[in-house]
2 protein chains.
Amino acid sequence: MTPVQFFKCLSDDTRLHCVALLQKEGKLCVCELTSAMALSQPKISRHLALMRQYGLLQDSREGQWVFYQISTALPDWSKPLLENVLNAVEQSDVFKNAQQRLHHMDNRPEKVLCD
Amino acid sequence: MTPVQFFKCLSDDTRLHCVALLQKEGKLCVCELTSAMALSQPKISRHLALMRQYGLLQDSREGQWVFYQISTALPDWSKPLLENVLNAVEQSDVFKNAQQRLHHMDNRPEKVLCD
DNA sequence: TCATAATATATGATTATCCGTATATTAATA
DNA sequence: TATTAATATACGGATAATCATATATTATGA
């Protein structure tokens, strides 16, 4: 991942808020992000795929769910930047509403915590 | 400036390296940035105008030169992010070459340092 | 006032991005 | 095996970004 690719990931509202949610929640499946953001599944899925291709996110399938998280193998220069991303958006209504919807979801999939 | 606008500024090679140069050098005129980046003057000028409109940069005319610098009135959330931008690019050849060309320029304009 | 240097902007073409919709794929379950 | 849920991808259209080129603007100095 180049610095420009890193910043491209964050230069779109949908992607930025997904990253912030993943930063805060650790690991979310596509349907959780879709509900939280109140956007269509293909839209979320396309944005997640882009960030996976750039190397910002990694995915792991658990049964019928695919969980996304911030990559565990990020370049060093990106880590301090990423730590300040959540801070930049957590006050916004869009982010707070997304968090609300996430925590009010019913049927959230169980996470396997041991990996 | 919204977070997305902030990241948009940094999601293009030309803009990212201009920001990094301004971070390192403090204040540069358009012709210095044009020489440093080895790109056309209108191209540099357009990118600088975009970042000025978003509020990331501010300009100040000194005679025939227009100097750009990182805005002195940035939102709080952007400051720690900006501090790590230079770190992300300073190792790259593009950035090192730009610095080389900047310091090897002849006829660099004098800066008024008292403002 | 004329010429020049520095900078900004306009124009049109090309390319990239983003989205809705439809459909394909994968896994679970009846 | 048929169905359903979750996810990914393909397609086409709309919008936005980017660029090279040409030209306008502003300031300086002869």
Side-chain angles (χ1 to χ4, degrees), chain A residues 2 4-19 22 27-54 56-69 94 102 105-112, chain B residues 2 4-19 22 27-54 56-69 94 102 105-112:
Chain A
T2 67
V4 164
Q5 288 171 335
F6 175 83
F7 291 119
K8 253 188 219 299
C9 288
L10 306 174
S11 68
D12 171 273
D13 262 310
T14 302
R15 293 193 296 265
L16 177 60
H17 290 115
C18 283
V19 168
L22 290 170
K27 201 177 186 184
L28 295 170
C29 73
V30 179
C31 66
E32 287 175 311
L33 287 165
T34 299
S35 292
M37 303 285 297
L39 294 171
S40 74
Q41 177 269 321
K43 178 167 173 172
I44 294 292
S45 210
R46 263 185 284 112
H47 283 298
L48 294 174
L50 179 81
M51 295 193 281
R52 175 171 36 82
Q53 284 155 19
Y54 282 159
L56 180 57
L57 302 185
Q58 66 185 51
D59 63 348
S60 54
R61 181 176 276 275
E62 289 178 20
Q64 59 190 148
W65 297 286
V66 175
F67 285 88
Y68 279 85
Q69 61 184 314
V94 174
L102 176 64
M105 271 183 75
D106 34 50
N107 301 327
R108 286 184 69 183
E110 299 288 336
K111 276 160 207 142
V112 177
Chain B
T2 67
V4 164
Q5 288 172 336
F6 176 83
F7 291 119
K8 253 188 219 298
C9 288
L10 305 174
S11 69
D12 170 274
D13 263 310
T14 302
R15 292 194 296 266
L16 177 60
H17 290 114
C18 282
V19 168
L22 290 169
K27 202 177 185 185
L28 295 169
C29 72
V30 179
C31 66
E32 286 175 311
L33 287 165
T34 300
S35 292
M37 303 286 296
L39 294 172
S40 74
Q41 177 269 319
K43 178 167 174 172
I44 294 291
S45 212
R46 260 184 290 110
H47 283 298
L48 294 174
L50 179 80
M51 294 192 281
R52 174 169 38 79
Q53 285 155 18
Y54 281 160
L56 180 58
L57 302 185
Q58 66 184 53
D59 63 348
S60 54
R61 182 175 276 274
E62 291 177 19
Q64 59 190 148
W65 296 286
V66 174
F67 286 88
Y68 280 85
Q69 61 184 311
V94 174
L102 176 64
M105 271 182 76
D106 33 51
N107 302 326
R108 286 184 69 184
E110 298 289 336
K111 273 161 210 142
V112 177

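Since this is a predicted model, take the numbers as computed values, not measurements. Proteins get letters first, then strands, A, B, ... in listed order; numbering begins at 1 in each. Excluded from the calculations below are hydrogen atoms, water molecules and symmetry mates; all remaining heavy atoms, backbone and side chain alike, are included.
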Any B:His47 side-chain nitrogen or oxygen under 4.0 Å from OP1 or OP2 of D:dC19: yes
Donor-acceptor check, side chain of A:Ser11 to backbone of A:Lys8, threshold 3.5 angstrom: yes or no? yes
Pull out every protein N or O sitting under 3.5 Å from an N or O of nucleotides 9-14 of chain C, one pair per line with the distance.
none

Respond yes when some side-chain nitrogen or oxygen of B:Tyr68 is under 4.0 Å from OP1 or OP2 of C:dA8, and no when none is. yes
Closest to the A:Cys31 side chain: D:dA6, C:dA6, D:dA20? D:dA6
What is the per-nucleotide protein-contact pattern of nucleotides 25-30 of chain D, from the 5' end, where B denotes a base atom under 4.0 Å from a protein heavy atom, S denotes such proximity for sugar-phosphate atoms only, and - denotes neither? --SS--
The criterion is side chain to side chain contact (heavy atoms under 4.5 Å, CB included); which residues satisfy it with A:Gln5, sequence neighbours excluded? A:Met1, A:Thr2, A:Tyr54
Taking five pairs at each terminus, the helix from C:dT1-D:dA30 to C:dA30-D:dT1 shows an axis bend, to 10°, of 10°
Those residues at least two apart in sequence (or on a different chain) that pass side chain to side chain donor-acceptor pair (under 3.5 Å) with A:His17 are none
Sorted by chain and number, sequence neighbours left out, ring pair (Phe, Tyr, Trp, His ring centres under 6.0 Å) with B:Phe7 holds for none
Options D:dA8, D:dA6, C:dC18, nucleotide nearest the side-chain atoms of A:Trp65: D:dA6
Measure CD1/A:Ile44 against P/D:dT9 and give the value in whole Å, please. 15 Å
